[in-house]
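Read the structure below first, then the notes.
Within every chain, numbering begins at 1; the chains are lettered A, B, ... in the order of the sequence lines, protein sequences first and strands thereafter.
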Amino acid sequence: MLGSVRSSSLALALAAICAASALGAETGAKPAPAPARVVSINLCTDQLAMLLAAPGQLRSVTMLARDPTVSVLAERAQAYRTNHGHAEEVYLDWPDLVLAGRYTAQATVNMLRGLGIRVEIFEPAQSFNALQEDILQMGRVLGREPQARAMVDDFSKRLAALRASAPKGPRDVAATWAARGYMSGSQSLAAEIITTAGFAPLAVKLGRKAGSFLPLEALVMADPDLVIAGQSRAGHAHSEDMLAHPALRSLTGRQTALQSNAWVCGLPAVLEAVVALRATEGGTP
Amino acid sequence: MTRPWLLGVLAGAMGALFVISLLTGVADPGVATSLKALVLGGEGPLDIVMREIRLPRALLAVMVGASLGLAGAAMQGLLRNPLAEPGVIGISASAALGAVLALQTGLAAMVPLALPGAALLGALLGVGAILFLAGSGGGTLGLILAGIALSALASALTALVLNLSPNPFAAHDIVFWMMGSLADTSFTQVAIAAPVMALGWVLLGRSGRGLEALTLGEDTAASMGVNLARLRLAIVLGTAAAVGAATAVAGTVGFVGLVVPHVLRPWVGAHPGRLLPAAALGGAVLVLAADIAVRRILPGQDLKLGVLMALVGAPVFFHLIWRMRGRP
């Protein structure tokens, strides 16, 4: 008697486990329902999500998304609530999906995951290929794959056209140079923008793969043809004063280009940076 | 008696360090090539490095050093206290606050000379606060306590203003304003600082005779025909101008006005009037040497001047305190 009760409860438990795993297999096969309350805590995922999310799907973006010096969608970001990327405020929004970058504060990501919230991590795009991967990943996690596919197709078409119309002949050397002397490396989005625009990145010439700080003297001695200066932000910073150093003007003797907001994130807007940079090349000083 | 000899040695050292400073940097194409590029000039990269980067930097090291050395010697003469140094008693920190306010409000970008002007004003308020709190008699305890309080307040306000700035790099600037640096300065900064510094040099340079008389006590000095109120005003204004302009372009470079007069005082026979020109040259020598050292220790990385100055200055400070033990 006792034994049979035991065996029957065991059977019940087994059945429950089987049912659960069957259910799991089923949800794995079918696409999961698209998340309905998405919060982004990274400037680049902010913008990708704004481009791809269904109406009402994206709940909030970071404050930075409204800053026109770094965000190409600053105006559109006005329509969203903003966050500062802290776990507390994000959690209080009850998101079913949080979008974060690889270098978003690890403590925040860990805490959100500890609270049972799904966090999707995006690699910062260091190339036009990686940029397209990011778009497709965003499409997958938001349940907007067709839209992402279309965006990638359009991007690669425009990129191919730009590459086909690239100027031939010897390439001028160009370098990005931002606050504190930061120069993007040869394996970066900036280097790909420079290359596609028809210049040779100084980082390639100097063999600097990763982004690094280049002292003013070293930049002048490397003698690039074009310096693409970082954009000064509102308010003053001593770290940015060097971008206005008279030596830079003497060095290039031509108009220096600016790193616009399109240089910051891996978005289709990078092609606009390419077009603008190409216009500088033939532009009158 | 020893004075012309001493000034000659200091000027020689300054000249030598000036040339070494010109030859110090991440690019090192050799002495002859560098000096040729400096003198003959041209359009090449090395010419730009020598004429637009290294020359203004070396000039500013001389100007900042001379200003701080002079201000230290004059303040110490006025307060008759060897610890009265603009950096130690918070005058540099007040000047930095003035400069940061001018920059963050956008005033510095709109009005020429607003930057050194605001730093001068900040320094003036600082000197005023110190004299008010510590009294012009120069009691050490009051002076140092007032200086600590003023430094803490001015530094905290500077950090607050920079943290409130919409610019994400502004908070990083706290290090620059508190430790000082001459990295990436240009002739723009030379032009900004020069007029205000010159005003300070004239005011302080002319106070030598008054300071000499003051060593005999205020009453004796007054009986010798020294207008004490005017002397005080000249030194307060001169210090504010010299320290303000130096801080506006280089941040807070501490201890120069403490170390230089301390080292040179025995050589001028404790004459504050003779100390002034020697302290100006000595300050230039010290800041030139420190600015060469920061570039040799960490090439291209902008090690702050304040780090080296504190390493040199703190032991002098300890020594002074050791000597003053037991005195009221």
Side-chain angles (χ1 to χ4, degrees), chain A residues 43 62-64 66-71 74 84-85 173 175 177-183 202 205-206 208 212-225 227 229-254 259 261 264, chain B residues 24-29 41-57 96 99-109 115 161-162 164-177 181 183-189 191 249-251 295 298-302:
Chain A
L43 171 66
T62 65
M63 284 296 292
L64 280 175
R66 289 185 176 181
D67 179 351
T69 53
V70 290
S71 165
H84 301 83
V173 174
W177 209 58
R180 298 171 61 201
Y182 183 80
M183 180 181 74
L202 178 63
K205 200 173 141 193
L206 298 182
R208 295 193 181 201
S212 54
F213 293 96
L214 190 67
L216 176 61
E217 273 191 25
L219 177 74
V220 172
M221 292 307 286
D223 200 15
D225 301 290
V227 174
Q231 209 172 151
S232 293
R233 313 276 185 82
H236 174 268
H238 182 257
S239 318
E240 289 177 346
D241 279 350
M242 61 204 298
L243 303 179
H245 199 287
L248 280 185
R249 230 154 257 294
S250 313
L251 172 68
T252 52
R254 52 199 287 183
Q259 271 180 286
N261 50 19
V264 182
Chain B
T24 303
V26 285
D28 188 14
E43 298 286 302
L46 185 62
D47 308 294
I48 298 173
V49 167
M50 294 307 295
R51 296 192 142 195
E52 297 195 35
I53 299 176
R54 294 207 194 153
L55 184 59
R57 182 172 185 161
V100 165
L101 281 172
L103 287 167
Q104 292 299 336
T105 53
L107 200 66
L115 175 63
V161 171
L162 290 172
L164 288 174
S165 168
N167 194 307
F169 294 104
H172 183 83
D173 289 357
I174 294 173
V175 185
F176 165 76
W177 288 109
S181 166
D184 300 323
T185 44
S186 66
F187 275 109
T188 316
Q189 274 89 13
V249 293
R295 282 177 286 173
L298 277 177
Q301 287 196 32
D302 193 15

**Request:** Examine whether an atom of B/Phe169 lies under 4.5 Å from a heavy atom of chain A, and if so say whether it belongs to the side chain, the backbone or both; otherwise answer neither.
**Result:** both

**Request:** Write down the atom of B/Ala27, the atom of A/Met221, and the distance for their closest heavy-atom approach.
**Result:** CB-CG, 3.3 Å

**Message:** A/His245 and side chain to side chain contact (heavy atoms under 4.5 Å, CB included): which single residue from B/Thr185, B/Ile53, B/Thr188 fits?
**Reply:** B/Ile53

**Prompt:** In terms of heavy-atom pairs under 4.5 Å with chain A, which of B/Ala170, B/Ser186, B/Pro29, B/Gly251 leads?
**Reply:** B/Ser186

**Request:** Identify the two heavy atoms, one from B/Asn167 and one from A/Ala234, that lie closest to each other, and give their separation to 0.1 Å.
**Result:** CB-O, 3.1 Å

**Prompt:** Is it the backbone or the side chain of A/Glu217 that comes under 4.5 Å from a heavy atom of chain B, or both, or neither?
**Reply:** both

**Contacting region of B/Arg51 [heavy-atom separation from chain A under 4.5 Å]** = neither

**Request:** Could you have a look at B/Val49, B/Asp173, B/Asp184 and say which one has the most heavy-atom pairs with chain A under 4.5 angstrom?
**Result:** B/Asp173

**Request:** Return the option, out of A/Asp223, A/Asp67, A/Asp241, with the maximum number of heavy-atom pairs under 4.5 Å with chain B.
**Result:** A/Asp223

**Side chain B/Gln104, main chain A/Gly235, donor-acceptor under 3.5 Å** = no

**Residue pair B/Ile48 / A/Ala247: nearest heavy atoms and the distance that separates them** = CG2-CB, 3.6 Å

**Fill in**
Of the listed B/Pro168, B/Gly106, B/Gly25, the one with the largest count of heavy-atom pairs under 4.5 Å with chain A is B/Pro168

**Prompt:** If you tally heavy-atom pairs under 4.5 Å against chain B, which of A/Pro215, A/Ala237, A/Gly181, A/Ala179 wins?
**Reply:** A/Ala237

**Asked** Could you give the distance from CG (B/Leu101) to NE2 (A/His236), rounded to the nearest 0.5 Å?
**Response** 13.0 Å

